[in-house]
Participant: 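Input: one structure, supplied below.
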Amino acid sequence: LGETAAYALEWINAFGHIAPDERRGLLLHGGTPAQLHLGEQQRFSRDVDLIGQDRGRIEHVLDAIARRYEGRLFRWEETPVESADVPLQRFSAYFRNAADAEIPLKIDVTYLPVSLDTEPVRLAQSAAYRPRDPGDVVETLTPQAFIADKLPTLGFDTLGYRRVADALG
């Protein structure tokens with residue numbers, strides 16, 4: 001898990017180095033970048049989540065990130081999504097682990113016409129990951145926007161919590 005989390009942060013770092021006009025309409029959100037607001041990693045995440053304004057941009061970003069590593073890291077392929085409540089694309093970007101096995105890093109792009117507040121955040125420098133440049137930053141949601149982004153998943157009968165049957169049945 002720690003190795004996948006480190007590669008997730010490396011992928012996010014590479015995303016932050018892509019020219020802003022090339023990644024326009026794609027915004028990092030979810031557990032991995034949320035941890036960046038906490039400084040040291042509090043937990044590890046095995047995936048990367050993005051909000052997309054429209055389809056067709058993410059493939060160019062995935063290609064640019066793979067080129068950055070000259071094909072040694074983050075070769076990617078689209079992974080079919082059986083069913084989803086919202087428009088979604090899923091990708092696997094592969095890296096080789098210490099045993100030289102190819103491991104997929106899941107990248108989900110949810111297409112929603114939303115506008116959330118963002119700010120630049122320095123990449124966490126945890127025991128699992130240290131960016132080459134300690135000043136590297138990525139644009140992600142503000143802490144307040146992260147809360148707004150997560151509220152729908154925390155309501156009863158949604159992705160978060162199920163209602164518990166009361167004692168009377």
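Heavy-atom basis, side chains included; hydrogens, waters and symmetry copies ignored.
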Participant: Measure from the side-chain N and O atoms of Thr32 to the backbone N and O of Val48, and report whether any donor-acceptor pair falls under 3.5 Å.
Facilitator: no

Participant: Shortest non-hydrogen contact from His29 to Pro33?
Facilitator: O-CG, 3.3 Å

Participant: Nearest heavy-atom pair of Leu26 and Gly52: which atoms, and what distance?
Facilitator: CD2-CA, 3.9 Å

Participant: Between atom OG1 of Thr142 and atom CG of Leu116, what is the distance when rounded to the nearest 0.5 Å?
Facilitator: 8.0 Å

Participant: In terms of hydrophobic clustering (I, L, V, M, F, W, Y; side-chain heavy atoms under 4.5 Å; direct or indirect links), are Val86 and Val81 co-clustered?
Facilitator: no

Participant: Looking at every heavy atom in both Tyr69 and Ala14, which two are closest together, and how far apart are they?
Facilitator: OH-CB, 3.6 Å

Participant: Report yes or no: does Arg96 contribute a side-chain atom to a donor-acceptor pair with the main-chain N or O of Ile103 at less than 3.5 Å?
Facilitator: no

Participant: How long is the straight-line distance from CZ of Arg75 back to CG of Leu62, given to the nearest 0.5 Å?
Facilitator: 12.0 Å

Participant: Check whether any side-chain N or O of Glu10 sits under 3.5 Å from a backbone N or O of Pro131 as a donor-acceptor pair, and report yes or no.
Facilitator: no

Participant: For residues Arg122 and Leu36, report the shortest heavy-atom separation together with the two atoms involved.
Facilitator: O-CB, 3.9 Å

Participant: If you round to the nearest 0.5 Å, how far is CZ of Arg67 from CD1 of Ile18?
Facilitator: 8.5 Å

Participant: Could you tell me if the side chain of Val114 sits less than 4.5 Å from the side chain of Leu27, heavy atoms only?
Facilitator: no

Participant: Do Pro104 and Glu77 come close enough that some side-chain heavy atom pair is under 4.5 Å?
Facilitator: no

Participant: Could you give me the CA-CA distance, side-chain angles and deciding distance for Asp108 and Leu88, then say whether side chain to side chain contact (heavy atoms under 4.5 Å, CB included) is met?
Facilitator: CA-CA 7 Å; Asp108 284 342; Leu88 171 76; 3.9 Å; yes

Participant: Should Ile12 and Tyr94 be regarded as members of a common hydrophobic cluster, given that ILVMFWY residues are connected when their side-chain heavy atoms come within less than 4.5 Å of each other, either directly or indirectly?
Facilitator: no

Participant: For the CD atom of Gln144 and the CG atom of Asp117, what is their distance to the nearest 0.5 Å?
Facilitator: 8.0 Å

Participant: Just to verify, what does Phe91 make a ring-ring contact (aromatic ring centres under 6.0 Å, His included) with, not counting sequence neighbours?
Facilitator: Trp76

Participant: State yes or no: do Leu50 and Tyr111 share one hydrophobic cluster built from I, L, V, M, F, W and Y residues joined by side-chain heavy-atom distances below 4.5 Å, directly or via other members?
Facilitator: yes

Participant: Please assess Thr118 against Glu139 for the test side-chain hydrogen bond (donor to acceptor under 3.5 Å, both in side chains), listing each intermediate value before the final yes or no.
Facilitator: CA-CA 6 Å; Thr118 64; Glu139 188 78 18; 2.6 Å; yes

Participant: Start with the C-alpha distance between Glu102 and Asn97, add both sets of side-chain angles, then the distance that settles side chain to side chain contact (heavy atoms under 4.5 Å, CB included), and finish with yes or no.
Facilitator: CA-CA 6 Å; Glu102 203 169 47; Asn97 70 5; over 6 Å; no

Participant: How many angstroms lie between CD1 in Ile58 and CZ in Arg90, if you round to the nearest 0.5 Å?
Facilitator: 13.5 Å

Participant: With the side chain counted from C-beta on, respond yes when Glu78 and Ser92 share a heavy-atom pair under 4.5 Å apart, and no when they do not.
Facilitator: no

Participant: For the residue pair Arg23 and Phe15, would you count it as a cation-pi contact if the rule is NZ or CZ under 6.0 angstrom from the ring centre and within 45 degrees of the ring axis?
Facilitator: yes

Participant: Determine yes or no for a side-chain-to-main-chain donor-acceptor pair under 3.5 angstrom, with Glu3 supplying the side chain and Ala98 the backbone.
Facilitator: yes

Participant: Applying a strict under-4.5 Å side-chain criterion to I, L, V, M, F, W and Y, I'd like to know whether Ile65 and Val137 cluster together.
Facilitator: no

Participant: Hey, mind stepping through Glu22 and Arg57 against salt bridge (charged side-chain N to carboxylate O under 4.0 Å, His left out) and telling me if it holds?
Facilitator: CA-CA 8 Å; Glu22 290 183 46; Arg57 290 184 111 20; over 6 Å; no

Participant: Do Trp11 and Tyr7 have ring centres separated by under 6.0 Å?
Facilitator: no

Participant: Could you measure the distance from the CG atom of Asn13 to the CG atom of Leu123? Nearest 0.5 Å is fine.
Facilitator: 4.5 Å

